[in-house]
Amino acid sequence: MIARLKGLVDSAGADSAVIDVGGVGYLIFGSSRTLGHLAVGQAIALFVETHVREDHIHLYGFIDAAERDWFRLLLTVQGVGGKVALAILSALSTDELARAIAAGDKTALSRANGVGAKLAARLAIELKDKAVGIAIGPATTSAAPVGVVGSAGEAVSALVNLGYRRAEAEDAILKAVANAGEGADAKALVRYGLRQLGRVS
């Protein structure tokens, strides 16, 4: 399977591009955000998701690993195929998508072509806990506030990555620790913190 391509942009259109790798042109489908970074003749490296079907092989390209990870996650929801997943990633940045799902913002999710009210609701419900999992990835464990360490520090960093201010994130997680106890894991603390922030937002 192809996981990454590094080459020159041979052509770029509204929903796809051709990347020349050693004289071989690979057709890559991408979001408008990824394709907006490409210019003909430019050297580029893309993360790639390869989908093999009986009648075709599609390559989906992403400018960063976060967008690729969200693409994979979106495909776990019934009714979301590659085209709709790319439409969602074109309408919302990965940070905006994380915030919309965490807040259950169906209006924001419906901004994407092909996403109606029912699908937006399904996305918000099915991906809420999984979105927290992405937010608590390895890159979120740094820069925890002084006095908030361990799983609480990870939870604060996750809320900051979801777009909340550090001060309000710390306050929400400290309340979560007081409620759930110091032994609670980061995911549980984030869920409680999100409920707290939902009440005050």
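This chain uses plain numbering: 1 for the first residue, then up along the sequence.
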Atom of [X], atom of [Y] and distance for their closest heavy-atom approach:
X    : Y    : value
L197 : A172 : CG-CB, 3.9 Å
E126 : T76  : OE1-O, 4.3 Å
S16  : L35  : N-CD1, 3.4 Å
S90  : S32  : OG-N, 2.8 Å
T50  : I2   : OG1-O, 2.7 Å
A158 : V190 : CB-CG2, 3.9 Å

Measuring from atom [atom1] of [X] to atom [atom2] of [Y], what distance do you get when rounded to the nearest 0.5 angstrom?
X    : Y    : atom1 : atom2 : result
I44  : K6   : CD1   : NZ    : 10.5 Å
L74  : L109 : CG    : CG    : 9.0 Å
T94  : F71  : OG1   : CZ    : 14.5 Å
L38  : D10  : CG    : CG    : 12.0 Å
F62  : R68  : CZ    : CZ    : 8.5 Å
K187 : E154 : NZ    : CD    : 11.0 Å

[X] and [Y]: same hydrophobic cluster, using ILVMFWY side-chain contacts below 4.5 Å?
X    : Y   : answer
V48  : L8  : no
I125 : V77 : no
V40  : L27 : no

Does CG in D185 sit with more than 12 non-hydrogen atoms of other residues, nucleotides or ligands closer than 6.0 Å?
yes
Can you check whether [X] reaches [Y] side chain to side chain, under 4.5 Å on heavy atoms?
X    : Y    : result
I28  : T34  : no
L127 : L97  : no
L119 : R122 : yes

Kindly say whether [Y] contributes a backbone atom to a donor-acceptor pair with the side chain of [X] at under 3.5 angstrom?
X    : Y    : answer
R111 : L92  : no
R33  : L89  : yes
S110 : A120 : no

Criterion side chain to side chain contact (heavy atoms under 4.5 Å, CB included) on L75 and H51, from CA distance to verdict:
CA-CA 11 Å; L75 292 180; H51 284 193; 3.1 Å; yes
With under 30° as parallel and over 60° as perpendicular, where do the rings of Y60 and H58 fit, or are they tilted in between?
perpendicular
Does the salt bridge (Lys or Arg N to Asp or Glu O under 4.0 Å) test come out yes or no for R99 and D95, once each step is laid out?
CA-CA 6 Å; R99 287 195 293 270; D95 287 343; 5.0 Å; no
